[in-house]
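These notes are about the structure you will find just below.
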Amino acid sequence: MSAHPIIDVSDLRLDYGGTTAVDGISFQVFPGEVVALLGTNGAGKTTTLDVLEGYLKPTGGSVSVFGVNPRTERARIASDIGIMLQEAGFFGDLTVLETIRAWRRFTPNAVGTDEALSIVGLEPKAKTRVGRLSGGEKRRLDLTLAVLGRPKLLFLDEPTTGLDPESRRQTWHFLKDMVDHGMTMLLTTHYMEEAEFLADRVAIMDHGRIVRHGPVSDIVAQESSARISLSASQGVSAQTLPPIPGAEIREADGRISLVTADPQPVLLHLLRWAEDNGAALQGIEVRTASLEDVFLDVAASGKVQA
Ligand code: ATP
C-alpha cells in the first residue's frame, strides 16, 4: 500500500448545532482503493462525504484530500474529484445531450460527448429531456457527469438507490471498470451486496462513529456466530421453541433465527425438540454470518466500539 493516502481523516467531528453527526472518526483511503461507508439512516455517512468534498467545515479533527484541505484549498484539487450526490438537480427541459454539453463547458479535461454518452450506455437517451428520464436513467446521468472530467477520485452517495436490480448490477460493472482503470472511490450505500461487490474495505458507522472497519471478509470472520433459520409456522415460533443452550433465538419477517457460535449441538437440540413434539420444521437453513448480519447486529445493539 502506498505511503500517501488520497483521503486522510483523523478524529473528525461534525456538530450541527446540538446534533453530533460525526463523532471522532479516522480512516484513510489509498490510491486505487474502493472504500464503502455503511450505516443506518442518520449514522453520519453523507456528512462525512460533505466534509471531504469541502462543503462543510469540521467541528474538530482534520481531513485531507490529495494532501490538502478540501475546503480551503478546493481549487487545487477540484479537477481531480468527481462527485455523485444523493440527489442531483438537473434542468428538466434540457436533453441528456444538452446537459452533457453544458457540463462539459465548465469541466476541465472533459471526455468527448460521444464518449460521455457511452460511459454508462446513455446513447439511446441522448435526445430525451432529462425531466422524462426514469429514476435509474437519471442516476446514470448523475454518474456520467460525475466522471466527465476523468477524476482520479470519485465520491458516490448511494449511487444505486432507486435502481432496479439489473440496472444496479450494470452500474456496479461500470464502476468496477473505472476502478480497474485506476480510479479511487469512497461511496456510501445501504446495499450490502454493493459493498461486497465493489469495496476493498468497508467502515460501518453508527451514531457518528465507526464501529467496524476492514475488508468484508475480515469483518464477517470476526463475527463468529452462525445462523440456523427456519420459517415460523403453526406451533413453531420464537415463543414456542424451548430455550436452547448456546443459542439466541430471534424472530423477524416470518423467520426464526438461532444465532450461535456452535451450530451442530444447537441444530441437534432443535431437531430433537421437533421430533419429541411432533413439530414440522419448514425452510431450515444453516449458514455462517454475512455482512448483512453484522450490519443488523450493529444496528440493533447500537454498539459503539471504534
Ligand atoms: P442516510 O443513510 O439517511 O443518508 P447518513 O448516514 O448519511 O444517513 P447524515 O445525513 O450524515 O446521515 O446525518 C447524520 C445526522 O446529522 C442525522 O442525525 C441528521 O439528522 C443530522 N443532520 C444532517 N444534516 C443536517 C443539517 N443540515 N442540519 C442539522 N442536522 C443535520
Side-chain angles (χ1 to χ4, degrees), residues 7-29 34-65 69-71 74 81-89 135-136 138-139 142-143 146 153-163 165 167-168 171-172 175 185-199 201-214 216 219 290-306:
I7 294 175
D8 197 354
V9 177
S10 178
D11 203 20
L12 172 66
R13 277 184 62 90
L14 194 296
D15 297 336
Y16 292 108
T19 308
T20 298
V22 178
D23 191 9
I25 64 169
S26 302
F27 65 93
Q28 298 178 320
V29 182
V34 180
V35 174
L37 298 179
L38 310 177
T40 47
N41 292 134
K45 305 176 297 295
T46 298
T47 303
T48 302
L49 287 195
D50 284 348
V51 172
L52 291 169
E53 290 158 2
Y55 298 131
L56 286 175
K57 185 176 175 210
T59 312
S62 64
V63 301
S64 77
V65 178
N69 181 325
R71 185 165 171 82
R74 191 180 166 75
I81 292 174
I83 298 174
M84 184 175 172
L85 298 172
Q86 236 177 63
E87 280 176 35
K138 274 195 191 121
R139 288 311 268 157
D142 277 337
L143 182 54
L153 170 64
L154 189 57
F155 291 109
L156 301 147
D157 201 355
E158 298 187 23
T160 66
T161 293
L163 300 197
S167 304
R168 176 168 304 134
T171 305
W172 295 351
L175 292 173
M185 290 181 193
L186 179 64
L187 69 138
T188 74
T189 181
H190 287 296
Y191 301 110
M192 300 300 119
E193 241 189 310
E194 183 159 298
E196 285 169 333
F197 185 89
L198 288 171
R201 283 186 290 125
V202 301
I204 304 181
M205 294 186 70
D206 184 49
H207 294 95
R209 310 196 70 186
I210 291 176
V211 294
R212 299 281 196 289
H213 185 192
V216 171
I219 288 182
S290 64
L291 182 61
E292 181 151 330
D293 293 322
V294 177
F295 181 93
L296 291 172
D297 282 354
V298 166
S301 62
K303 271 182 218 156
V304 177
Q305 39 175 265

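Remember, it's 1-based here, ligands and their atoms both numbered in the order they're listed. Every value quoted in this text rests on a predicted model; they were computed, and no experiment measured them.
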*Verify whether one side chain among Ser26 and Asp11 offers a donor that lies under 3.5 Å from an acceptor in the other.*
no
_Closer than 4.0 Å and a protein heavy atom, does any atom meet both conditions relative to atom 19 (C) of ligand 1?_
no
*asked:* For atom 31 (C) of ligand 1, what is the closest protein heavy atom, and at what distance to 0.1 Å?
replied: Tyr16 CD1, 3.2 Å
*At the 4.0 Å heavy-atom cut-off, does Met205 count as touching ligand 1?*
no
*Which residue holds the protein heavy atom closest to atom 10 (O) of ligand 1, what is that atom called, and what is the gap in Å?*
Thr46 CB, 3.7 Å
*Quick one: which of Gly42, Gly39, Gly17 has a heavy atom closest to atom 14 (C) of ligand 1?*
Gly42
*asked:* Closer than 4.0 Å and a protein heavy atom, does any atom meet both conditions relative to atom 5 (P) of ligand 1?
replied: yes
*Verify whether one side chain among Thr47 and Asp50 offers a donor that lies under 3.5 Å from an acceptor in the other.*
no
*Any idea which heavy atoms bring Phe27 and Leu52 closest together, and the distance?*
CZ-CD1, 4.2 Å
*asked:* As an exercise, identify every atom of ligand 1 less than 4.0 angstrom from a heavy atom of His190.
replied: 2 (O)
*Per-atom contacts of ligand 1 with Glu158, taking only distances under 4.0 Å to non-hydrogen atoms*: 2 (O), 4 (O)
_Please state which option from Asn41, Thr189, Thr47 has its nearest heavy atom closest to atom 13 (O) of ligand 1._
Thr47
_Any N/O pair Thr19/ligand 1 closer than 3.5 Å_ = no
_I'd like to know whether ligand 1 has Thr40 as a neighbour, heavy-atom separation below 4.0 Å._
yes
*Can you tell me if Thr189 uses its side chain to pair, donor with acceptor, with the backbone of Tyr191 under 3.5 Å?*
yes
*Nearest heavy-atom neighbours spanning Arg71 and Tyr55*: NH1-O, 3.2 Å
*At a 4.0 Å threshold, what atoms of ligand 1 neighbour a non-hydrogen atom of Gly44?*
5 (P), 6 (O), 11 (O), 12 (O), 14 (C)
*asked:* Please list, in number order, the atoms of ligand 1 under 4.0 Å from a heavy atom of Ala21.
replied: 14 (C), 15 (C), 16 (O)
*asked:* Quick check on contacts: which atoms of ligand 1 are under 4.0 angstrom from a heavy atom of Ala43?
replied: 5 (P), 6 (O), 12 (O)
*Mark yes or no for whether Ser290, through its side chain, and Asp293, through its backbone, hold a donor-acceptor pair below 3.5 Å.*
yes
*What closest approach, in Å, do Ile210 and Met205 show between heavy atoms, and which atom pair accounts for it?*
CG1-CG, 4.1 Å
_CD (Glu292) with more than 12 external heavy atoms under 6.0 Å_ = no
*Answer yes or no: is there a donor N or O on one side and an acceptor on the other, between the side chain of Thr188 and the main chain of Glu158, under 3.5 Å?*
yes
